[in-house]
There are 2 protein chains.
Amino acid sequence: MQLQEGKDKFIQTWGTLGSHWGVNRTMAQVHALLLIAPEALSADEIMEDLQISRGNANMNIRALIDWGLVYKELKQGERKEFFIAEKDMWKVFRQIIIQRKKKELEPVLRVLEEISKVEGETNQAKEFKNIIGDIHLFASKANQALDNVTQSDSNWFVNTFINMLKK
Amino acid sequence: MQLQEGKDKFIQTWGTLGSHWGVNRTMAQVHALLLIAPEALSADEIMEDLQISRGNANMNIRALIDWGLVYKELKQGERKEFFIAEKDMWKVFRQIIIQRKKKELEPVLRVLEEISKVEGETNQAKEFKNIIGDIHLFASKANQALDNVTQSDSNWFVNTFINMLKK
DNA sequence: CAAAATTTTCAGTAAGAATTGAAAGTTACA
DNA sequence: TGTAACTTTCAATTCTTACTGAAAATTTTG
């Protein structure tokens, strides 16, 4: 396989993966492109490479920066902004977990707490509170486990993985 | 809060959560509805409750059955099919991981292996192979860790969670 | 076996999400 | 301070995905 073909395939695959996980395809593709770029790219280069519009490129680059997956880089004597991806996969994973936990898991936890206070002592109500309680317990555990994972350093997590594999 | 309001809120929340995780909203809502239903529901009851068409209900119920999150239940003397959700949250989580691992993580692993074989010894090519190698290593570890999680029984996982919380 | 009940399929349509492109905004240099 | 280089915004549009509803298929029952 030629280098260019490999790069294209990677960009496609990463894009598809993203789209199955609630990340828009272009955002994942820009990320992929920057991951395999040997050096920082400008918005124009990204537009050119992925054949997307300026607006689209800009929006998705900003989103990646917000997620902490891409950094801005200013080049000596250049007025343009250049962009570079975080290449430490552990950090990438960590950032994604932090973002999604905050945006998706935590709001669900709050709703579960709220609805676990429904009135009534009928069987219906009791059963409802039961299952909501179960879900809440599970979600809290997941939340705390994820906190742990993201708060500890890379080695801790790698060690956990290694331990898991040894079992 | 009244029971009905709590139920509605739960269905909405679960639907939103699903839609951020690549599960279509209706599928997640049907799942939520069945989770909090005190007994098995027929397709008609689901249609009625969520105000969706027969076709839509059917498709999503089938998908939930495929995912192993919902079971068919036949009632004595009734011709209709009734449906009931798996309520053990651990099993639900496990099923979802198994499905998504197979459909999303494993294909990515295969692509990464394939593209790690690009020809050429230029710096460009070497750097590309390096980063792909990193990603592949990370993805394999995640894959194996998930295997471990899903293959062990509930207690093992719960214990791991508890251990995490103690740290 | 016929007909009634129920489930499945799928072409057409609707709803929602992403993208474009041009105009407005910003920055930085002479 | 003016203007050229560059970035951001957002209304209109396109693309994608989900949903409907009616027809076809299947299953059950007398």
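What you see is a predicted model, and the numbers here were worked out from it, not measured in a lab. Worth knowing before you read on, the calculation uses all heavy atoms, side chains too, and leaves out hydrogens, waters and symmetry mates. Each chain gets a letter, A, B and so on, in the order its sequence line appears, and its residues count up from 1.
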Donor + acceptor pair across side chains of A:S116, A:E113 (<3.5 Å): no

Sugar-phosphate only, base, or nothing, as touched by A:N58 at under 4.0 Å among non-hydrogen atoms: base

Atom-to-atom span, NZ of A:K72 to C1' of D:dT7 - whole angstrom: 9 Å

Neighbour count above 12 (heavy atom, 6.0 Å) for A:K87 NZ: yes

Whole-Å gap separating P (C:dT8) and NZ (B:K80): 14 Å

Rounded distance in Å - CG (B:L74) to P (C:dA5): 19 Å

Side-chain N or O of A:R62 closer than 4.0 Å to phosphate OP1/OP2 of D:dT8: yes

Short side-chain N/O contact to D:dT8 OP1/OP2 from A:R54, under 4.0 Å: no

Interatomic distance, B:I46 CD1 vs D:dC19 C1' [rounded to whole Å]: 16 Å

Given C:dT20, C:dT9, C:dT7, the nucleotide with the shortest approach to the side chain of B:M59: C:dT9

Atom-pair distance (CG on A:L41; C1' on D:dT7), nearest Å: 17 Å

B:Q4 and B:D8: side chain donor to acceptor below 3.5 Å: yes

Any A:N56 side-chain N or O less than 4.0 Å from OP1/OP2 of C:dA18: no

Nearest-nucleotide 5' precedence on DNA chain C, A:E78 against A:A57: A:A57

Flag if over 12 foreign heavy atoms under 6.0 Å of CZ, A:R100: yes

Presence of donor-acceptor pair under 3.5 Å, side chain of B:R79 and base of C:dT6: no

Along DNA chain D (nearest heavy atom to each residue), the more 5'-positioned of B:R25 and A:R25: A:R25

Upstream residue (5' side of DNA chain C) when A:G55 and A:V23 are each assigned their closest nucleotide: A:V23

Salt bridge flag under 4.0 Å for residues B:D88 and B:R94: no

Gap between atoms CG and P, on A:N24 and D:dC15 respectively (whole Å): 16 Å

Length of the CE-P vector between A:M47 and C:dA18, whole Å: 20 Å

A:N60 CG to C:dT20 P, straight-line distance once rounded to whole Å: 10 Å

